[in-house]
Amino acid sequence: MDRLIEAIESKQNPSVVGLDPTPALIPTQVMNAYTIEVEHNVDDDDDNAAATAAAVAYFEFNRAIIDAVEDIVPAVKPQIAMYEALGPAGLDCYTMTCEYARDHGLYVIGDIKRGDIGSTAAAYAKHLTGFNGSDVWHEDAVTVNPYLGSDGIEPFTTAAQEADRDLFILVRTSNPSSAQIQELELNDGTRVYEHVADLVEQWGADTIGRFGYSRTGAVVGATHPEEGAALRARMPHTFFLVPGYGAQGGTAQSVAGMFDRDGSGAIVNSSRGIIGAWRNDPRYTEDLDPEAALGVVADNAREAAKDMRDQLRVALA
């Protein structure tokens, strides 16, 4: 986690922008412009034309946001499902987005939430090591589901160590139904998420960096502030990725307890609150041309990112 912590300290901002585009989050004229462009350049019987057009629109949208926030935030977190929904063109957009963010000095968290065992887990871990020495995914860290136990985690911890990358393991997630499993009580009185937390701390024990945190981080939702604060004490060497800020109800005050006494130990994610902030701007109308619409997107993303940064600074002061 050393590179991530250095990036956070450089920007004095422990926040990450979730790049989770959907057609509803992209101005209509931007989506339409690339639909028309693709239709003019592909065969009439190309069944992938709509997905290709959406992928191009997604990338231009992402690029506008990255350009707007690159000097404010240390990291971005693209959610791969939004891109996989478009098929091969979407995966191209995902890797292009990761590469573009990396080229602009940002730490990239690939939100892939993989979880499997054996050769399948080893193949998924290529997100970190690449293929035959080629960095095909352009990610600095990935998210992992621990439901299958250490068999599903060890390929990722090995790959992270080999490639000087990191991972974040789901521990206490922000979604409402997470309690159905994560809060179940075990025989010794601990909850399932607490047991997973202990495993995560153990899985990272051999990779403590110079800032006191291991390569193996934890995903802890902003919607569980008291549990998150207790996990901070329980996991002294585990860096937290904290989703759920903004649209899901998390606030700067609610996540403050997930940081250590030095104001480190966590990075907080906001997706819709930043990339969708343009929807509340009265300057936006459907009469704008695509370039002007993306300008409104960028302006609002920048202001929302600055506001989040400032609120976190106050909460952690």
Side-chain angles (χ1 to χ4, degrees), residues 1 3-4 77-88 90-95 97-99 107-175 177-178 180-184 186-188 190-209 213-221 231 235 237-241 243:
M1 293 293 168
R3 285 184 295 113
L4 176 57
K77 183 178 73 63
Q79 165 51 257
I80 201 170
M82 306 305 179
Y83 305 87
E84 288 179 337
L86 304 181
L91 284 176
D92 284 344
C93 176
Y94 176 84
T95 57
T97 295
C98 292
E99 184 175 21
Y107 182 99
V108 177
I109 302 172
D111 196 355
I112 64 173
K113 293 187 177 69
R114 299 301 193 238
D116 215 313
I117 57 172
S119 59
T120 308
Y124 280 141
K126 295 293 185 183
H127 270 266
L128 297 175
T129 57
F131 182 75
N132 287 347
S134 177
D135 185 6
V136 295
W137 292 102
H138 310 287
E139 299 155 325
D140 296 291
V142 296
T143 56
V144 183
N145 191 323
Y147 191 77
L148 276 70
S150 59
D151 288 348
I153 298 299
E154 288 173 1
F156 287 93
T157 57
T158 299
Q161 183 70 9
E162 176 184 334
D164 189 21
R165 306 288 168 86
D166 306 310
L167 61 147
F168 291 94
I169 300 173
L170 304 182
V171 173
R172 187 68 180 100
T173 59
S174 57
N175 58 301
S177 65
S178 62
Q180 293 175 348
I181 294 175
Q182 294 170 16
E183 288 189 8
L184 291 176
L186 304 178
N187 288 336
D188 63 0
T190 61
R191 305 287 180 175
V192 166
Y193 77 86
E194 293 174 321
H195 180 67
V196 174
D198 292 342
L199 289 173
V200 171
E201 181 80 0
Q202 174 187 326
W203 288 330
D206 295 334
T207 63
I208 307 297
Y213 288 98
S214 78
R215 293 189 185 280
T216 305
V219 177
V220 179
L231 287 172
M235 309 172 76
H237 303 295
T238 302
F239 202 89
F240 289 0
L241 170 61

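Residue numbers run from 1 in the order of the sequence given.
- Contact between Gly152 and Val144 at its shortest, heavy atoms only, is O-CG1, 4.3 Å.
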Inset, instruction - Could you please spell out the steps behind the side-chain contact (heavy atoms from CB on, under 4.5 Å) verdict for Glu84 and Tyr94? - result: CA-CA 8 Å; Glu84 288 179 337; Tyr94 176 84; over 6 Å; no
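- A donor-acceptor pair shorter than 3.5 Å cannot be found between the side chains of Thr157 and Arg215.
- Using a 4.5 Å heavy-atom threshold, the side chains of Ser150 and Leu199 count as separate.
- When all heavy atoms are compared, the tightest approach of Gly204 to Thr216 is CA-OG1, 3.7 Å.
- Here the CD-OH distance, from Glu139 to Tyr107, works out to 10.5 Å after rounding to the nearest 0.5 Å.
- A donor and an acceptor atom, one from each side chain of Gln182 and Thr173, are located under 3.5 Å apart.
- In this structure, the side chains of Tyr193 and Val220 stay at 4.5 Å or more apart for every pair of heavy atoms.
- Taking 4.5 Å as the limit, some side-chain heavy atom of Asp164 sits within range of a side-chain heavy atom of Arg3.
- Salt bridge status for Arg172 with Glu183: present, with a side-chain N to carboxylate O gap under 4.0 Å.
- Annotation: Asn175, atom CG; neighbour count of heavy atoms from other residues, nucleotides and ligands within 6.0 Å is above 12.
- At least one donor-acceptor pair closer than 3.5 Å links the side chain of Asp140 to the backbone N or O of Val108.
- Of all the heavy atoms in Gly221 and Ser174, the pair that sits closest is CA-CB, 3.9 Å.
- Contact detail for Gly115 and Leu148: the closest heavy-atom pair is O-CD1, 4.3 Å.
- Proximity of a side-chain donor or acceptor of Arg165 to a complementary backbone N or O of Val142 within less than 3.5 Å is not detected.
- Of all non-hydrogen atoms in Asp151 and Ala121, the two that sit nearest each other are O-CB, 4.4 Å.
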As a quick check of understanding, evaluate side-chain contact (heavy atoms from CB on, under 4.5 Å) for Leu4 and Tyr213, giving each step before the final call. CA-CA 11 Å; Leu4 176 57; Tyr213 288 98; over 6 Å; no
Using the side-chain contact (heavy atoms from CB on, under 4.5 Å) rule, take Leu186 and Glu194 through it: C-alpha gap first, then chi angles, then the decisive distance, then the call.
-> CA-CA 10 Å; Leu186 304 178; Glu194 293 174 321; over 6 Å; no
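- Between Thr143 and Gln79, every side-chain heavy-atom pair lies at or beyond the 4.5 Å cut-off.
- Between the OG atom in Ser214 and the CD atom in Gln161 there is a gap of 10.5 Å [rounded to 0.5 Å].
- Counting only distance, with no hydrogens or angles, the side chain of Asp166 and the backbone of Ala141 share no donor-acceptor pair below 3.5 Å.
- The distance from atom SG of Cys98 to atom CH2 of Trp137, rounded to the nearest 0.5 Å, is 8.5 Å.
- Within a 6.0 Å sphere centred on NZ of Lys113, other residues, nucleotides and ligands contribute more than 12 heavy atoms.
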Inset, instruction - Using the side-chain contact (heavy atoms from CB on, under 4.5 Å) rule, take Ile112 and His127 through it: C-alpha gap first, then chi angles, then the decisive distance, then the call. - result: CA-CA 9 Å; Ile112 64 173; His127 270 266; 3.8 Å; yes
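- Residue Asn145 comes nearest to Ile153 through the heavy atom pair O-CD1, 4.4 Å, listed as atom of the first residue, atom of the second, then distance.
- In this structure, CE in Met1 is found 3.5 Å from CZ in Phe168, a value given to the nearest 0.5 Å.
- Note that OG1 of Thr97 is 11.0 Å distant from NE2 of His138, once rounded to the nearest 0.5 Å.
- The shortest distance between side-chain heavy atoms of Val136 and Thr95 does not fall below 4.5 Å.
- Distance check, rounded to the nearest 0.5 Å: CG of Leu170 to OH of Tyr147 gives 13.0 Å.
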